[in-house]
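Just so you know, these numbers use all the heavy atoms, side chains as well, and skip hydrogens, waters and symmetry mates. For ligands, and for the atoms within them, numbers begin at 1 and follow the listed sequence.
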Amino acid sequence: MSDSLFSKIIRREIPADIVFEDDRLIAFRDIHPQAPVHVLFVPKQPHATLNDVPDGEAELLGRLLLAAAAYAKREGFAESGYRLLMNCNHDGGQTVFHLHLHLLAGRALDSHFG
Ligand code: 5GP
């Protein structure tokens with residue numbers, strides 16, 4: 001895929017409020033938060049959408065989910081709760097074509113499915 005906005009954040013070419021990083025993932029606060037906590041968990045390997053992740057990368061998707069859960073535990077809102085969300089392509093509302101998982105928390109979220 002072509003170079004993405006999130007690849008530029010990973011390379012520190014544009015600033016972001018980074019809250020977690022390891023060898024395969026980075027997480028930073030969303031620039032337009034939809035909840036008091038809104039963090040994006042992003043694989044460093046730039047798959048455009050979930051459709052582009054090969055079977056061999058199943059572990060990466062697991063790490064993405066577990067990194068978000070670990071963050072929720074560390075930050076103290078795992079028990080009160082949070083929402084994980086991944087948009088795919090136009091109808092899913094995806095705007096940045098570098099796979100990412102939204103973590104939303106900090107208030108009771110309505111059960112809205114578009
Ligand atoms: P999507 O709509 O693709 O699922 O989510 C993309 C998210 O990236 C949006 O929630 C949007 O606010 C966020 N975003 C877009 N540009 C930037 C940026 O430059 N920095 C950060 N931190 N977030 C961004």
Side-chain angles (χ1 to χ4, degrees):
M1 65 179 277
S2 59
D3 201 27
S4 76
L5 176 64
F6 291 170
S7 290
K8 292 187 172 71
I9 289 176
I10 291 163
R11 294 197 304 267
R12 308 308 203 263
E13 290 170 11
I14 58 174
D17 186 357
I18 295 167
V19 299
F20 169 77
E21 184 169 19
D22 68 12
D23 57 329
R24 298 203 69 192
L25 308 176
I26 193 166
F28 49 86
R29 294 187 196 283
D30 197 292
I31 205 166
H32 297 302
Q34 304 299 310
V37 178
H38 188 172
V39 173
L40 302 173
F41 287 79
V42 183
K44 292 182 174 177
Q45 173 72 29
H47 303 293
T49 79
L50 185 59
N51 297 335
D52 301 296
V53 180
D55 287 348
E57 289 280 53
E59 195 216 337
L60 177 67
L61 297 178
R63 284 177 69 155
L64 204 58
L65 288 167
L66 291 176
Y71 179 76
K73 290 174 193 166
R74 268 197 316 278
E75 294 297 310
F77 57 80
E79 292 306 320
S80 52
Y82 55 95
R83 178 172 296 165
L84 300 178
L85 171 69
M86 186 179 286
N87 297 323
C88 184
N89 278 332
H90 177 269
D91 284 2
Q94 187 174 5
T95 58
V96 176
F97 288 84
H98 181 141
L99 187 78
H100 54 281
L101 182 69
H102 295 255
L103 182 156
L104 297 150
R107 65 173 167 83
L109 299 160
D110 55 15
S111 36
H112 178 69
F113 287 98

So the atoms of ligand 1 within less than 4.0 Å of a heavy atom of His32 turn out to be 12 (O)
In this structure, atom 11 (C) of ligand 1 is nearest to the protein heavy atom Asp30 OD1, 3.4 Å
Taking every heavy atom of Leu109 against every heavy atom of Ala35, the minimum-distance pair comes out as CD2-CB, 4.2 Å
Counting heavy atoms under 4.0 Å, the part of Asn87 that contacts ligand 1 is side chain
If we number the atoms of ligand 1 from 1 as shown, the ones under 4.0 Å from a heavy atom of Phe28 are 22 (N)
Any heavy atom of Phe97 under 4.0 Å from ligand 1? The part involved is neither
Report task. Report yes or no: does a heavy atom of Phe6 sit under 4.0 Å from some atom of ligand 1? Result -> yes
In this structure, atom 16 (N) of ligand 1 is nearest to the protein heavy atom Leu5 CD2, 3.2 Å
Determine, using the 4.5 Å side-chain heavy-atom cutoff (strictly less than), whether Leu65 and Leu104 are members of one ILVMFWY cluster. no
Quick look: Leu40 vs ligand 1, heavy-atom contacts under 4.0 Å, and the answer is side chain
Task: Exceeds 12 heavy-atom contacts within 6.0 angstrom, atom CG of Asp23 - done: yes
Shortest non-hydrogen pair, Leu64 vs Phe41, comes out as CD1-O, 3.6 Å
In this structure, atom 22 (N) of ligand 1 is nearest to the protein heavy atom Arg29 O, 2.9 Å
Residue, atom and distance of the protein heavy atom nearest atom 3 (O) of ligand 1 read Thr95 N, 2.7 Å
For the ring pair His98 and His100, is the centre-to-centre distance below 6.0 Å? no
In this structure, atom 20 (N) of ligand 1 is nearest to the protein heavy atom Ile31 CB, 3.7 Å
### Query
Does even one non-hydrogen atom of Gly93 get within less than 4.0 Å of ligand 1?
yes
For atom 5 (O) of ligand 1, the closest protein heavy atom turns out to be His100 NE2, 3.0 Å
Exercise. Give a yes or no on this: more than 12 heavy atoms of other residues, nucleotides or ligands lie within 6.0 Å of atom CD of Glu13.
Key: yes
His102: heavy atom below 4.0 Å from ligand 1, yes or no? yes
Closest heavy-atom pair, Leu25 versus Lys44, reported as atoms and distance to 0.1 Å, is O-CE, 3.6 Å
For the residue pair Phe77 and Tyr82, does the interplanar ring angle fall in the parallel (under 30°), tilted (30 to 60°) or perpendicular (over 60°) class?
perpendicular
*Ion pair present between Glu75 and Arg29, side-chain N to carboxylate O less than 4.0 angstrom?*
no
